[in-house]
Amino acid sequence: MVKWFYLSLSVLRSRWRLKIGLLALFIVTISLPFSVKMLPQLIQHLVYTHRIRLPFFVDLSRPADFSLNHTINMYLTSEKGISLGVWHTVPANQWKEAQGKDLAWYQSTLSDGNPVFIYFHGNGGTRYDKYCIFIIALLSALGYHVVMPDYRGFGDSTGEPTEDGLTTDALYIYNWVKARSGNSLVVIWAHSLGTGVTTNAAVKLIKQGVDFDGVILEGAFNTAQQQIPMNPFHWYYWKIPGARYFYTPPWATNNYIFPTVENLKKMRCPILILHSKDDNLVPIKIAQGLYEVAVSAQNAERVKMVTFDGSLGYQHNGLYIDPHMPDILKKFVASL
């Protein structure tokens with residue numbers, strides 16, 4: 001009787017396992033076509049993380065709320081249906097004069113001879129992030145103008161991000177500034193995702209016979225096809241079980257490639273690479289490889305690299321707090 005009981009229990013368990021297995025197979029069979037269709041949209045958000053907007057309920061049209069009382073907010077149309085939120089901060093020594101001034105006044109100051117920095121932030125960032133506000137304050141204190149946009153889909157900008165779209169936005173912002181800056185230097189400072197966007201834009205401009213005055217690449221990555229720890233663009237393809245079997249490689253769709261290495265081979269403007277040795281997203285060896293490529297394309301006089309000791313704990317997003325940063329920036333601007 002006891003043996004019969006355990007035999008029956010074993011058979012019952014086997015039947016339940018079979019039922020659960022069949023149910024799981026049914027769920028996978030039904031959900032797979034749905035996931036194949038929906039995953040690209042999910043991937044877009046994982047790549048750019050542009051929907052993560054903290055803190056909530058922030059009014060980006062009021063930069064004074066962030067202690068930026070010599071900054072104006074504006075919205076520029078990079079292409080039909082795409083409105084970009086942008087801040088323009090004048091040099092700190094103009095803050096009194098800036099009080100109560102309108103957009104026309106701010107635009108007129110771009111040609112006052114002070115260098116103009118355009119800052120392109122990383123994925124998941126917006127122009128009101130802590131580090132962005134600190135960089136605005138830093139550059140303004142050094143006597144520079146700062147133009148900081150949010151790409152399409154980021155912050156209060158409209159649209160959805162794609163590599164081509166972000167490159168179009170960057171080119172539009174650059175051309176808008178150049179059209180109003182007279183003979184003032186226009187320097188690009190790009191971080192993380194922004195480095196890929198910037199080098200893409202640089203190559204587009206080269207085809208028009210134009211070079212940037214100078215470019216700073218902070219936390220720059222190699223082509224997004226490369227498997228690196230916590231790859232900020234294609235990590236899901238390497239980490240999610242079965243992704244390589246069921247889904248087309250993301251770079252095959254040409255939605256986000258960011259071929260930084262190939263771009264650097266074509267660039268001929270002065271470049272400064274900034275990288276922390278403890279970067280938790282992009283290993284220092286990646287930055288060193290990018291530096292070598294850029295030097296080979298130009299020379300060690302036009303391409304510089306500054307690294308920061310890992311013991312400082314800056315990782316991927318913290319270089320802005322380094323006390324030597326003002327001197328590093330001033331030295332680079334003076335060399336242009």
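Remember, it's a predicted structure, so these values are computed and weren't measured experimentally. Sequence positions, counted from 1, serve as the residue numbers for this chain.
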Listing request: all salt bridge (Lys or Arg N to Asp or Glu O under 4.0 Å) pairs with a residue in residues 133-144, at least two apart in sequence or in separate chains.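 Residue pairs passing salt bridge (Lys or Arg N to Asp or Glu O under 4.0 Å), neighbours aside: none found.
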
For residues 315-336, which residue pairs pass the salt bridge (Lys or Arg N to Asp or Glu O under 4.0 Å) check, not counting sequence neighbours?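 Listed once each, the pairs are Asp327-Lys330.
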
Who are the ring-ring contact (aromatic ring centres under 6.0 Å, His included) partners of Tyr320, not counting sequence neighbours?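 With sequence neighbours excluded, Tyr320 shows a ring-ring contact (aromatic ring centres under 6.0 Å, His included) to Phe134, given in chain and number order.
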
Set of ring-ring contact (aromatic ring centres under 6.0 Å, His included) partners for Tyr75, sequence neighbours left out: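 For Tyr75 there are no ring-ring contact (aromatic ring centres under 6.0 Å, His included) partners, ignoring immediate neighbours.
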
Enumerate the residue pairs fulfilling side-chain hydrogen bond (donor to acceptor under 3.5 Å, both in side chains) with a member in residues 103-114, sequence neighbours excluded, ordered by first and then second residue.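 Qualifying pairs, neighbours excluded: Gln94-Asp112, Gln107-Arg180, Asp112-Asn114, Asp112-His145.
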
So does Gly85 get a backbone contact from the side chain of Asn73, meaning a donor-acceptor N/O pair under 3.5 Å?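 Pair absent, no side-chain N/O of Asn73 close to backbone of Gly85.
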
Partners passing salt bridge (charged side-chain N to carboxylate O under 4.0 Å, His left out) against Glu262 (at least two apart in sequence or in another chain):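 Glu262 satisfies salt bridge (charged side-chain N to carboxylate O under 4.0 Å, His left out) with Lys265 once adjacent residues are dropped.
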
Listed once per pair and sorted, the salt bridge (Lys or Arg N to Asp or Glu O under 4.0 Å) pairs that draw on residues 184-208, sequence neighbours left out: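 The answer is none; no pair qualifies.
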
Taking only residues two or more places apart in sequence, or in another chain, which ones meet Tyr119 in a ring-ring contact (aromatic ring centres under 6.0 Å, His included)?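 Per chain and number, Tyr119 pairs via ring-ring contact (aromatic ring centres under 6.0 Å, His included) with Trp189.
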
Is there a donor-acceptor pair closer than 3.5 Å between any side-chain N or O of Thr195 and the backbone N or O of Ala190?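 Checked: no pair found.
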
Return yes if some donor-acceptor pair links the side-chain N/O of His275 with the main-chain N/O of Val282 below 3.5 Å, else return no.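 Yes; judged by distance alone, with no hydrogens or angles, the pair exists.
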
I'd like to know if the side chain of Gln298 reaches the main chain of Cys269, judged simply by a donor and an acceptor atom lying under 3.5 Å from each other, with no hydrogens or angles considered.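 Here the side-chain-to-backbone pair exists.
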
Using the side chain to side chain contact (heavy atoms under 4.5 Å, CB included) criterion, which residues pair with Asn317? Sequence neighbours excluded.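 Side chain to side chain contact (heavy atoms under 4.5 Å, CB included) list for Asn317, sorted by chain: His191.
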
So which pairs with a foot in residues 192-216 pass ring pair (Phe, Tyr, Trp, His ring centres under 6.0 Å), sequence neighbours left out?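 Residue pairs with at least one partner in residues 192-216: Tyr174-Phe212.
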
Write out all pairs satisfying salt bridge (Lys or Arg N to Asp or Glu O under 4.0 Å) with one or both partners inside residues 67-91, taking only residues at least two apart or from two chains.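 Every salt bridge (Lys or Arg N to Asp or Glu O under 4.0 Å) pair that includes a residue of residues 67-91, provided the two are not neighbours, is Glu79-Arg152.
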
List the residues meeting salt bridge (charged side-chain N to carboxylate O under 4.0 Å, His left out) with Asp279, not counting sequence neighbours, and say none if there are none.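 Asp279 satisfies salt bridge (charged side-chain N to carboxylate O under 4.0 Å, His left out) with no residue once adjacent residues are dropped.
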
Point-to-point distance, once rounded to the nearest 0.5 Å, from CG of Leu193 to NE2 of His121: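 Those atoms lie 8.5 Å apart.
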
Flag side-chain contact, heavy atom, 4.5 Å: Val177 against His88: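 A side-chain contact is absent here, since even the closest heavy-atom pair is not under 4.5 Å.
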
Report the distance from atom CH2 of Trp176 to atom CD1 of Ile118, rounding to the nearest 0.5 Å.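 Nearest 0.5 Å value for the CH2-CD1 distance: 9.5 Å.
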
Using modelled atom types only, decide if a donor and an acceptor are shared between the side chain of Thr260 and the backbone of Phe221 within a distance under 3.5 Å.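 Looks like yes, one N/O pair under 3.5 Å.
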
Are any side-chain N or O atoms of Asn69 and backbone N or O atoms of Ala64, one a donor and one an acceptor, separated by less than 3.5 Å?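 Judged by distance alone, no pair lies under 3.5 Å.
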
Any Asn175 side-chain heavy atom under 4.5 Å of Leu205 side chain: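 In contact.
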
pair Arg302-Asn299: side-chain heavy atoms closer than 4.5 Å: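 Side chain of Arg302 against side chain of Asn299, heavy atoms only: contact under 4.5 Å found.
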
A side-chain contact here means heavy atoms from C-beta on lying under 4.5 Å apart; do Val86 and Ile173 qualify?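 Of all side-chain heavy-atom pairs linking Ile173 with Val86, at least one is under 4.5 Å.
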
Short question: side chain of Thr158, backbone of Gly81 - any donor-acceptor pair under 3.5 Å?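 Side chain of Thr158 to backbone of Gly81: a pair is present.
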
Is the backbone of Ser78 close enough, under 3.5 Å, to the side chain of Thr168 for a donor and an acceptor to pair up by distance?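 The answer is no, because no donor-acceptor pair under 3.5 Å joins these two groups.
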
For atom CD of Gln99, decide whether the heavy atoms of other residues, nucleotides or ligands shown that lie under 6.0 angstrom number more than 12.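 More than 12 within 6.0 Å, yes.
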
When you compare the side chain of Pro270 with that of Asp213, does any pair of heavy atoms fall below 4.5 Å?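 A side-chain contact is absent here, since even the closest heavy-atom pair is not under 4.5 Å.
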
Tell me if the CZ atom of Arg268 is crowded by more than 12 foreign heavy atoms within 6.0 Å.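 Counting other residues, nucleotides and ligands, CZ of Arg268 exceeds 12 neighbours.
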
Quick one: does any side-chain atom of Ser140 pair with a main-chain N or O of Ala92 as donor and acceptor, under 3.5 Å?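 Checked: pair present.
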
Thr162 side chain to Asp164 side chain, donor-acceptor N/O pair below 3.5 angstrom: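 Asp164 and Thr162 do not have a side-chain donor-acceptor pair below 3.5 Å.
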
Is there a donor-acceptor contact under 3.5 Å from the side chain of Ser335 to the main chain of Phe332?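 Yes; judged by distance alone, with no hydrogens or angles, the pair exists.
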
